[in-house]
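Chain letters run A, B, ... following the sequence lines, proteins first and then strands; every chain starts at 1. Note that these values count all heavy atoms, side chains included, but never hydrogens, waters or copies made by symmetry.
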Amino acid sequence: MSTETKALNFLEHIIEEDLANGLSKDKLRFRFPPEPNGYLHIGHTKAIGISFGLGEKYNAPVNLRFDDTNPAKEEQEYVDAIKEDVSWLGYKWAEELYSSDYFQELYDWAVLLIKEGKAYVDSQSSEAMAEQKGTPTQPGIDGPYRNRTVEENIELFAKMKAGECNEGEHILRAKIDMQHPNMLMRDPIMYRVLKKHHHRTANDWCIYPMYDWTHGESDYIEQISHSLCSLEFKPHRELYDWFKEQVFGFAKNKYPMLPKQREFARLNLNYTIMSKRKLLKLLEEGVVSGWDDPRMPTISGLRRRGYTPQAIRKFVETVGVAKRENIIDVSLLEFCIREDLNKKADRVMAVLNPIKLIITNYPEDKEEWLEAENNQEDDSAGYRKVPFSRELYIEKEDFKEAAGSKFFRLTLGGEVRLKNAYIIKAERVVKDAKGNVTEVHCTYSEDTEKKVKGTLHWVSIKHAIKVEVREYDRLFTDEAPDSHTDKDFMDFINPNSLKIIEAFVEPSLTKAKIGEQFQFQRLGYFNVDKDSTSQKLVFNKTVGLRDSWAKVKPKENNNLQKQPQQNKRSAIEQIKSYGKKYDRMQDQQREKAKAEIQELAKNVTYEDLEPLFGTAVKKTGTRLITMISLGVLLDNGLQKNDAINDFISKALNDKNELLVAEASALK
RNA sequence: UGGCCUAUGGUGUAACUGGUAACACGUUGGUUUUUGGUACCAAAGAGUCUAGGUUCGAAACCUAGUGGGCCAACCA
C-alpha cells in the first residue's frame, strides 16, 4: 500500500506516540457517536471517515454508538437512516450500541458520586442557576442547595428517579467549582427529569443523563482508546477528564483503560449549510422535497444525486484533518465524483435542448444501427448499437449560423462529426416568424476518416425516448449563507436551484434501472431517479463535465470576488505585510506597492509606527516600508524627534541602496 | 472585560519534530483525442499573520501583539 509513505495527520501522530509509549495495538478502539435526531450530512462523513478510517488503518474495532440521551428530539427513523448511510459509505461497525444501554450503570455511579460528596441535587429554577453560574468573564457563586447532606441528596435523587418529581423541579449536578475559569466546570448538570417516551427504553426512565456525564462514561465503558470529536468540544475535555477520573475510582477493575478525547476541525463546504436545525427548516418551508432531496448536503441527498461512496470517501481523505477552521470549495467534491464516474459510467447520448437536424441526402425510410463504445476508459464495458436516421435532434447550443474560429461546432457551411456516425455539413436553415432557427438542413458524407474540429452528440428523433431531466444548481447564492449576522440564511436561497427539462435520450436507455449512472456525452453525469416509472424515466444531473468552452464564452457575473482578509486589517498591519517582501520585489511591483503603502500610511499614527524603528538590521523590507510610511507622516506635518532622526541616520549608513535612497529623501 | 484553540499559495493538507516550503484541487498554456471530457506535459502562484528573541540555521521553539474560532441550553 502506498499509504505507508503518506504523511500522518495529527491524530495519527497522537496514536503513534501512544503506541510508542506502550499502549498495546490491540487496545485501540474508536467510535462514531451520532445523536439520532436528524439525517447525516457531508460534514458527518468527515467524522465517520476519521474514526472508521483509523479503524481500518490500525485494524481496530469501531463502534457505532447512538448518543440517545434526549428523548425529546430522538427517533427510531433517524437511527435507521444513520445506519443505512454509514453502511452505504462502506463502513462496518464492530458493535451497534446505545448510550441508553448504560443508563443503569450511569445511575449507579451517580449515586456513588453523591455518596462521595461530589454531586448534589439542586432545586432552583434554571434562571436562578444560570445567574449563579456567572459569565465567561465573571466567576459564578455557590447556590443555596450546594451543601445539602449526602442523605438528603440520596433521597431526593431516588425520588427523581422514581418519578415523584416534575420536570424542572430538581436536577443533579456535579460539585466541582463555581469559580472555575471554564464554565463547564461550574457544577455541570448530570441529570434532569424528563417525562418523555424514549425510543428504546420506553418509559423505564424519567431522569436522563446529560451529554457530558454520558459521553465520556460511554467511551469508558466501551473501552474506547481515542474518542475523536470536533473542535467545539475542546472545552468539554476538562470535564470529560474529571468525570472519567471519578468513575475510574469505582470501576478500574472492570474497565482498566481510560479513554482520551481529542478534537479536530469539522468540515465546512461553501455554498451550503450543515446545521441539522437549518436543514430541517429547508424541509419544513418546502424549499426542498425531503432529507434526500438531491440538492441537500445530506448523505441521502448526495446518494440520490448520484454521488458514490468511493467519491465521498476520496473527498474526505483529500480534505485531510487538522485543527484550524476551514471552508472547502465544492469544486473539490465535484472533482472527486467526476473522477470516479469517469471510470465507471457508461456513455450515452442525450439531447437536453433540441433543435431539429435534417439530413437531406439520407433516404427517408432508411435507418442504421451504428456501433458505439460504452466507455473508452473501461475495456470491459463493451459496445452497444444506436439508431441513425434522416431526422435527428442535436443540442441547440451546438449550432450557430455564423461564429468565430473558436467555435468548433456546427455553422452554416461548416462541417462537424456526429459522434459514432457520419460527418455532416450544414447547408441551410429554416426559421419561424420570429426569426428563430427551427430546422437545420445538412448533407452527410460517409467518409468518416476526415479530420474535423468538432464532434456533436445527437439522437434519432424517430427512436428517441422522452425523459425528464432534473438539473440542479447550488441551493444558496452566497458562499457562506449562515455566516451573516445581519441576514438570515433563508435570504440566500437560490430560486433556480432546480430546473426540470424534457429531454430526448437514445433508446438503449429504456432498460435503465433506478440508481444507474451514465455519462450523457459532452454534458455530464446523470443517474436514474427513484421517481422514475415504467412510463417515464427521470434523471438527476449529478455533475456536469468540466467545460473549458464555458470559460471561452463571454461570462456575465464576474463581480463579487472574495475580499481578501487583509482588507479588514488595520492600515499598519497591511503595511507590515508588505515588509516581508518589499526589498525582493521587482521594480514595477515595488512601485505599485510603494504607492499602496503611501496610501495606507495616511491612516497610520506615529504610535503605530514607532515600535518599528527598532526593527532588526537584517529585516530591510520592514525598515523600508517603515521609512516610506514615515515619509508620509512627515509630509503631513509630523515633527522629527530623536527616535526618527536616529532611525533615518542608521538607514543612511545601510548597505541596501533602496533604503539609503528612501532615507535620503527624508533627510 | 476571563479561559481555551488556531494562523503555511485562491482552497485544503504536508514538511522525517530546527537544515531553507511539498502534494491535491483550482488557474493558465500546450500535446493527444470521434466527448471543448479523459490522459499527459508545462507554467504561474506562498517564503509560512506581525514584531522581537533563542540558534551557525526557525514555518517549526520562546515572548508580545494582531486576525479568526469556541465557551454563559434542564441540547448533543
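Side-chain atoms of A:Asn182 come within 3.5 Å of backbone atoms of A:Pro235 as a donor-acceptor pair (strictly under, hydrogens ignored).
Residue A:Arg173 is tested with A:Asp142, A:Asp122, A:Asp212 for a salt bridge (charged side-chain N to carboxylate O under 4.0 Å, His left out); the sole match is A:Asp122. A:His457 pairs in a side-chain hydrogen bond (donor to acceptor under 3.5 Å, both in side chains) with only one of the listed residues (A:Glu395, A:Gln521, A:Lys419), which is A:Glu395.
For A:Asn9 and A:Tyr191, each mapped to the nucleotide of RNA chain B holding its nearest heavy atom, the one lying further toward the 5' end belongs to A:Asn9.
In this structure, B:G26 is classed as anti because its glycosidic torsion departs from zero by more than 90°. Nucleotide B:U17 carries a syn base; the chi torsion (O4'-C1'-N9-C4 or O4'-C1'-N1-C2) is within 90° of 0.
Ring planes of A:Phe407 and A:Trp549: perpendicular class, angle over 60° (limits at 30 and 60°). By the 30° and 60° cut-offs, the orientation of the rings of A:Tyr422 relative to A:Phe388 is perpendicular.
The residue A:Ile327 sits close only to the backbone: its heavy atoms come under 4.0 Å of sugar-phosphate atoms, none of a base.
Residue A:Arg192 has a polar side-chain atom (N or O) positioned under 4.0 Å from OP1 or OP2 of B:A76.
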Using a cut-off of under 3.5 Å, enumerate the N/O to N/O pairs linking the protein to nucleotides 37-39 of chain B.
from  : atom 1 : to       : atom 2 : distance (Å)
B:G37 : OP1    : A:Ser548 : OG     : 2.9
B:G37 : N2     : A:Glu377 : OE2    : 2.8
B:U38 : OP2    : A:Arg546 : NH1    : 3.1
B:U38 : O2'    : A:Asn342 : ND2    : 3.1
B:U38 : O2'    : A:Glu377 : OE1    : 3.2
B:U38 : O2'    : A:Glu377 : OE2    : 3.4

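For RNA chain B, the stems formed by at least three consecutive Watson-Crick or G-U pairs, with both atom-pair distances below 3.5 Å, span B:2-7 with B:66-71, B:10-13 with B:22-25, B:27-31 with B:39-43, B:49-53 with B:61-65.
A:Glu325 has its CD atom 10 Å from the P atom of B:U13, to the nearest Å.
Taking a centre distance below 5.5 Å and an interplanar angle below 30 degrees as the stacking criterion, A:Tyr211 does not stack against the six-membered base ring of B:A76.
Both cation-pi conditions hold for A:Lys161 and A:Trp205: the charged atom is under 6.0 angstrom from the six-membered ring centre and inside a 45 degree cone around its axis.
You'll find the ring centres of A:Tyr240 and A:His236 outside the 6.0 Å limit.
Taking a 6.0 Å sphere around CG of A:Leu280, one finds it holds more than 12 heavy atoms contributed by other residues, nucleotides or ligands.
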